[in-house]
Amino acid sequence: MIVRIQGPCRAMMVSSSFRRLCLSRHQANSGPEAKNQTDPGSFDDFVDTLKASTAAKHQTFAEMFRHSKFAQLGDFDGRMVTGKIVHRVADDLYIDVGLKFNAVCKAPAQDGDDYTVGSRVLLRLHAYELSERFLGSKKDLTLLEADATLVRLLRFKKRVDKGDETTAKDSTTRRGPTFPVSQATTGEAPANPIDIPRT
Amino acid sequence: MQKLPHYLIRGQLGARLFSTTRLLGAVGKTRIDQQTVKEAPVRSIPGPDLLEKGTVHPEILRKYSSEELQVDDHFKLEPLLDIREMFEARLHYGHKVGTLNDNMKWALYGERLGVCVFDLELTKQYLLRALNFVAHVASRGGIILFVTTNRETMINVEQTATKLGEYAHCRRWQSGTLTNSAELVGTPIRLPDTIIFLSTITSLGDPHPAIKEAAKMAIPTVGVVDSNADPAYLTYLIPANDDTVQSVNYLLRLFNEAIVRGKSLRQKAKNRDF
């Protein structure tokens, strides 16, 4: 049996009382059925096994991808996602949703000025990339943008006139994708979009 | 690493490379595994026959190269590359399968719901190789040119290059800039020793003209190739996402570090000589 020991309790492993406990268990298990069980051998091997399991597991790319938000998202059409406005040109909003391309949406006529750079918005995603095969061509033609519909503003960020701050900074690098996991099959907006934790 | 044909492997007793006994296929002689042999660099210049063989099997010329080139990761850039960081910088996102270039299939982990995904284990390997090459060029005092036509990342590329004291060309490429430099710029002109493409495709969707021009001028190139890009004519490939700002910024940080390390090595050598 392997006991998962965290942090400062690891020091306990080398104490004499713990060692006696391990040995007594080993002796108790000895008998005809003990032949089928693996012989723990020396105490040092046992300690090494515990250390290996509690150390930070190095994730392979395959594991990272399998447990990523991108994989959880599944089919893009109809998914509710949160995004951050990274650029604004007149009425056009360039929104970063955590995927390869930004979604480009028009700011609504009513309260359109509230959609400032840095604000968080709720979107309904339709496509990861707008690329289509046109008649006569061998490869798809891509528009280099995602397709999404603007639902509403989530968090308003007051506009700071510090020159062009959008182009030089990568604001969403550390946190990764910011879309919620729940599927919105009916209605317009999910129950509590702001409460959904970000990765 | 490829195994050399037996007649090219150096004999145990220091026999000449093209000795007749080897060519006749002498039985009982042991073959040396090239991977385990770590010889000190040879000071002599290789003869014309060896150079000819080297065009097909460049590994035999390795021992004639300088000491820094005997090791794969001379600048110790491997600890800087973390797959988790690459993942968060979105390096693994590709385009859709409809835009996939057949010559980029080798770099993909796979395709999920129409979206190509890069294998970051491979990306790390190729990135390490490219970064070391760039660092070596910088340590020899080489001129590095950064090229991209992606509007979102253009400014960052120019700023990175300027801060490093290197060069960037992110505007419209004039045909013949490298091949016809005598006419367009004048003579004598020193061309870049390496060109780094942060994006190999122009805004029109065609491959960047500088790729072929550099190949014609025998200038080695480093290129970030996306799933829709053509990897042809590029010397060092980096299969990764080139459209996202976060991805390009991550790569620029790494190139910055590699070039800084290369230049500092050069400075140390200069100081030591004095």
Side-chain angles (χ1 to χ4, degrees), chain A residues 56-77 79 84 86-87 89 94 96-102 127-134 137-147 164-178 199, chain B residues 82-102 109-110 112-124 150-160 199 201 203-205 226-230 240-250 252-253:
Chain A
K57 202 176 77 159
H58 171 73
Q59 265 194 318
T60 60
F61 168 68
E63 286 166 354
M64 264 184 244
F65 181 70
R66 174 64 188 84
H67 299 105
S68 67
K69 283 287 185 182
F70 175 81
Q72 280 179 36
L73 205 59
D75 187 20
F76 306 105
D77 198 9
R79 298 307 297 266
K84 193 171 183 178
V86 288
H87 193 51
V89 176
Y94 291 78
D96 179 16
V97 286
L99 297 170
K100 187 177 166 90
F101 300 107
N102 295 337
Y128 167 91
E129 182 186 353
L130 282 168
S131 70
E132 278 296 336
R133 182 74 52 98
F134 286 92
S137 56
K138 283 184 215 166
K139 295 264 148 66
D140 283 9
L141 199 73
T142 172
L143 270 178
L144 301 174
E145 60 182 61
D147 189 18
D164 202 4
E165 57 188 276
T166 53
T167 49
K169 287 203 183 108
D170 46 324
S171 41
T172 51
T173 318
R174 300 282 168 260
R175 302 298 291 247
T178 54
T199 45
Chain B
D82 180 26
I83 291 188
R84 183 84 230 175
E85 248 190 273
M86 283 193 231
F87 188 84
E88 280 165 18
R90 312 185 211 171
L91 253 77
H92 59 292
Y93 286 144
H95 286 260
K96 288 221 145 165
V97 277
T99 53
L100 176 65
N101 189 305
D102 291 328
Y109 178 68
R112 188 187 158 86
L113 293 165
V115 177
C116 298
V117 176
F118 284 108
D119 188 357
L120 289 185
E121 312 274 0
L122 265 176
T123 302
K124 180 178 172 175
N150 189 324
R151 299 257 295 278
E152 278 115 44
T153 59
M154 207 187 272
I155 290 172
N156 282 347
V157 171
E158 283 184 342
Q159 279 176 358
T160 308
S199 167
I201 301 174
S203 45
L204 292 170
D226 210 338
S227 62
N228 61 342
D230 192 3
N241 180 10
D242 65 0
D243 294 299
T244 314
V245 172
Q246 289 83 353
S247 167
V248 173
N249 285 345
Y250 173 81
L252 282 173
R253 277 199 295 268

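Nothing here was measured: the structure is a model prediction, and the numbers come from that model.
- For A:Phe76, the part sitting under 4.5 Å from any heavy atom of chain B is the side chain, from C-beta outward, and nothing else.
- Contact tally against chain A (heavy-atom pairs below 4.5 Å) for B:Met154, B:Glu121, B:His95: the top residue is B:His95.
- The closest donor-acceptor contact from the side chain of A:Arg133 to the backbone of A:Leu141 lies at 3.5 Å or more, if one exists at all.
- At distances below 3.5 Å, at least one donor-acceptor pair connects side-chain atoms of A:Glu63 with backbone N or O atoms of A:Thr60.
- With a 4.5 angstrom heavy-atom cutoff, B:Asp226 touches chain A only via side-chain atoms.
- Of the listed residues A:Ser68, A:Gly74, A:Ala71, the one with more heavy-atom pairs under 4.5 angstrom with chain B than any other is A:Ala71.
- Using cut-offs of 30° and 60° for the angle between ring planes, the B:Phe87 and B:His92 rings count as parallel.
- In this structure, no portion of B:Val97 lies under 4.5 Å from any heavy atom of chain A.
- In terms of non-hydrogen atom pairs under 4.5 Å with chain A, the most contact-rich of B:Asn241, B:Leu113, B:Asp119 is B:Asn241.
- Ranked by non-hydrogen atom pairs under 4.5 Å with chain A, the options B:Ile83, B:Val248, B:Asp243 are led by B:Asp243.
- Highest contact tally toward chain A, considering only B:Thr153, B:Asn101, B:Leu120, is held by B:Leu120 [criterion: heavy-atom pairs under 4.5 Å].
- In this structure, A:Arg66 places its CZ atom where only 12 or fewer heavy-atom neighbours from other residues, nucleotides or ligands lie under 6.0 Å away.
- Relative orientation of the B:Tyr93 and A:Tyr128 rings is perpendicular, given thresholds of 30° and 60° on the angle between their planes.
- Judged purely by atom type and a 3.5 angstrom limit, A:Arg79 uses its side chain to pair as donor or acceptor with the backbone of A:Leu73.
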